[in-house]
Amino acid sequence: MKTIGVLTSGGDAPGMNAAVRAVVRTGIYYGLKVMGIRKGYAGLLNGDMEEMTLRSVGDIIHRGGTILQTARSAEFNSEAGVKKAISIAKVFGLDALIVIGGDGSYRGARDLANQGFPVICIPGTIDNDIASTEYTIGFDTALNTVQDAIDKIRDTAYSHERCSVLEVMGRHAGYIALNVAISGGAEAVILPEKEFDIDRDIIKPIIEGRNRGKKHYLVIIAEGVGGAVEIAKYIEEKTDIKTRATILGHIQRGGSPTVYDRVMASRMGAYAVKLLKEGKINRVIALQKGVITDFDINEALQMKKTIDEEMVELNKILAL
Ligand code: ATP
């Protein structure tokens with residue numbers, strides 16, 4: 001292994017830069033040449049890459065987004081696209097590729113691996129929806145960004161005795177929603193993983209809360225469920241409590257990464273390079289029970305992730 005490539009793919013996530021930095025610096029430390037590929041698999045197909053130096057990753061550890069930029073490539077999603085990507089990788093002398101991204105990016109990497117091109121994946125997405133790992137780079141920063149917004153909205157909701165309905169990101173998964181429901185003290189949280197009944201799961205806890213003396217209410221809706229505006233209208237009609245919907249949107253994706261995201265990204269980036277140094281290929285990096293580990297990429301993509309029922313119950317108890 002002499003030359004490795006690194007790219008970021010799918011949605012950007014805070015901490016991706018820290019991971020790129022760790023890959024580049026650990027790679028150079030071990031005597032490897034590291035090529036930075038811009039714009040994900042689209043950039044690989046275009047040969048949009050250059051050699052990274054110790055200095056080219058300076059002053060990026062604190063920055064959100066990704067200096068390598070990211071893209072979604074339809075061309076890469078075909079056998080011909082994958083073969084072309086490998087032929088371009090060979091033109092540049094790449095012996096392996098480190099992919100930082102979400103599960104879509106993992107599937108792209110799996111296609112490369114299954115066509116004989118060595119890959120390592122690092123989990124990078126704010127959604128924390130990758131089955132093989134308990135944690136993905138960017139998740140912690142996104143949670144803190146949402147929490148900051150909840151605290152601000154709560155000030156107004158309390159002052160006006162209102163109900164706030166907040167729609168948060170997470171694509172098809174409810175991990176952001178469930179965690180901020182607990183950290184933000186939500187009366188109700190609606191997750192894509194669990195069927196819901198608006199009267200049972202939202203209206204009833206609000207009315208019961210009012211009867212116990214609550215002055216304001218917070219309802220978290222996961223993006224995968226959606227409909228925050230309609231839900232807010234329904235709450236107001238049924239309860240006569242003034243209700244406002246806020247859809248946080250892309251504010252949740254950017255921002256300076258938290259210490260936790262920076263440290264995990266640094267550790268995972270270095271771990272990825274070490275795997276390649278040891279001759280291990282087609283692995284995905286994961287956090288399991290607090291320990292950084294790795295799995296075969298095909299096995300990882302077979303795994304299923306479920307929502308933590310204890311956390312769902314905990315939120316119900318703490319919302320009393
Ligand atoms: P996030 O969850 O943060 O959006 P992601 O990695 O899941 O990140 P996607 O847009 O799903 O984001 O995937 C990024 C890229 O990976 C796609 O543009 C495509 O090139 C490749 N990709 C996605 N799905 C597949 C698939 N099923 N097979 C092969 N390649 C894929």
Side-chain angles (χ1 to χ4, degrees), residues 1-11 13 15-16 19-20 22-23 26-27 30 32 34-35 37 40-41 44 70 72-73 76-79 81-90 94-139 171-173 175 264-308:
M1 197 78 49
K2 288 196 174 63
T3 305
I4 61 172
V6 57
L7 60 78
T8 50
S9 171
M16 278 182 163
V20 170
V23 167
T26 311
Y30 284 122
L32 297 171
V34 186
M35 300 291 286
I37 300 159
Y41 295 123
L44 178 59
T70 181
R72 294 195 154 96
S73 164
F76 183 75
N77 268 4
S78 66
E79 201 181 321
V82 171
K83 284 189 171 149
K84 183 174 163 196
I86 293 173
S87 71
I88 300 288
K90 286 189 176 151
L94 299 186
D95 301 309
L97 180 66
I98 295 178
V99 172
I100 306 164
D103 54 358
S105 306
Y106 274 34
R107 277 187 273 278
R110 184 239 1 240
D111 293 349
L112 287 169
N114 292 347
Q115 294 283 345
F117 193 81
V119 295
I120 302 284
C121 290
I122 297 175
T125 165
I126 63 163
D127 306 330
N128 201 23
D129 59 351
I130 299 179
S132 48
T133 183
E134 288 164 1
Y135 164 82
T136 60
I137 295 165
F139 181 55
R171 286 185 103 179
H172 309 296
Y175 302 106
M264 289 307 297
S266 300
R267 291 177 66 196
M268 287 182 168
Y271 190 103
V273 175
K274 280 189 202 147
L275 283 181
L276 289 176
K277 263 314 271 181
E278 289 162 11
K280 295 190 183 136
I281 57 167
N282 306 338
R283 312 289 294 173
V284 303
I285 316 289
L287 188 75
Q288 288 292 347
K289 298 190 168 54
V291 176
I292 295 179
T293 183
D294 54 283
F295 296 103
D296 171 76
I297 189 163
N298 282 296
E299 279 169 27
L301 283 168
Q302 299 297 322
M303 294 178 187
K304 294 268 177 290
K305 197 168 191 170
T306 52
I307 204 91
D308 186 340

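Below, each value reflects all heavy atoms present in this structure, side chains not excepted, and no hydrogens, waters or symmetry copies. Each residue takes its place number in the sequence, starting with 1.
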Would you indicate whether the side-chain heavy atoms of [Y] and [X] approach each other to under 4.5 Å?
{"X": "Thr293", "Y": "Phe295", "value": "yes"}
{"X": "Asn114", "Y": "Val82", "value": "no"}
{"X": "Ile292", "Y": "Ile285", "value": "yes"}
{"X": "Ile98", "Y": "Leu7", "value": "no"}

If we ignore hydrogens and angles and just use 3.5 Å, is the side chain of [X] paired with the main-chain N or O of [Y] as donor and acceptor?
{"X": "Gln115", "Y": "Glu79", "value": "no"}
{"X": "Asp95", "Y": "Ile4", "value": "no"}
{"X": "Ser73", "Y": "Phe76", "value": "yes"}
{"X": "Asp103", "Y": "Tyr106", "value": "no"}
{"X": "Tyr41", "Y": "Ser105", "value": "yes"}

Taking atom [atom1] of [X] and atom [atom2] of [Y], what is their separation to the nearest 0.5 Å?
{"X": "Thr136", "Y": "Ile126", "atom1": "OG1", "atom2": "CD1", "answer": "8.5 Å"}
{"X": "Asp129", "Y": "Thr133", "atom1": "CG", "atom2": "OG1", "answer": "11.0 Å"}
{"X": "Met1", "Y": "Lys277", "atom1": "CE", "atom2": "NZ", "answer": "9.5 Å"}
{"X": "Arg171", "Y": "Asp127", "atom1": "CZ", "atom2": "CG", "answer": "6.5 Å"}
{"X": "Leu32", "Y": "Lys2", "atom1": "CG", "atom2": "NZ", "answer": "10.0 Å"}
{"X": "Asn282", "Y": "Phe117", "atom1": "CG", "atom2": "CZ", "answer": "10.0 Å"}

So which heavy atom on [X] is nearest to which on [Y], and how close?
{"X": "Pro118", "Y": "Ile281", "answer": "CB-CG2, 3.6 Å"}
{"X": "Val119", "Y": "Ala113", "answer": "CG2-CB, 3.8 Å"}
{"X": "Cys121", "Y": "Ile297", "answer": "SG-CD1, 3.8 Å"}
{"X": "Thr70", "Y": "Thr8", "answer": "OG1-O, 3.5 Å"}
{"X": "Ala13", "Y": "Ile137", "answer": "CB-O, 3.5 Å"}
{"X": "Asp294", "Y": "Arg283", "answer": "OD2-NE, 2.8 Å"}

side-chain contact (heavy atoms from CB on, under 4.5 Å) partner of Pro123, the single match among Ile130, Ile100, Val284, Asn128: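 Of the listed options, the one satisfying the test is Ile130.
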Just do the side chain to side chain contact (heavy atoms under 4.5 Å, CB included) check on Lys90 and Ile86 with the steps written out, would you? CA-CA 6 Å; Lys90 286 189 176 151; Ile86 293 173; 3.9 Å; yes
Looking at Arg107 and Asp111, is any side-chain nitrogen of the basic one under 4.0 Å from a carboxylate oxygen of the acidic one? no
Pairing of Glu278 and Lys274 as salt bridge, 4.0 angstrom limit: no
Honestly, is Lys305 close enough over Tyr175, meaning NZ or CZ under 6.0 Å from the six-membered ring centre and within 45° of the axis?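 Satisfied, under 6.0 Å and within 45°.
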May I have the step-by-step check of side chain to side chain contact (heavy atoms under 4.5 Å, CB included) for Val34 and Val6, ending in yes or no? CA-CA 7 Å; Val34 186; Val6 57; 4.1 Å; yes
Derivation and outcome, side chain to side chain contact (heavy atoms under 4.5 Å, CB included), residues Leu287 and Met268: CA-CA 9 Å; Leu287 188 75; Met268 287 182 168; 4.2 Å; yes
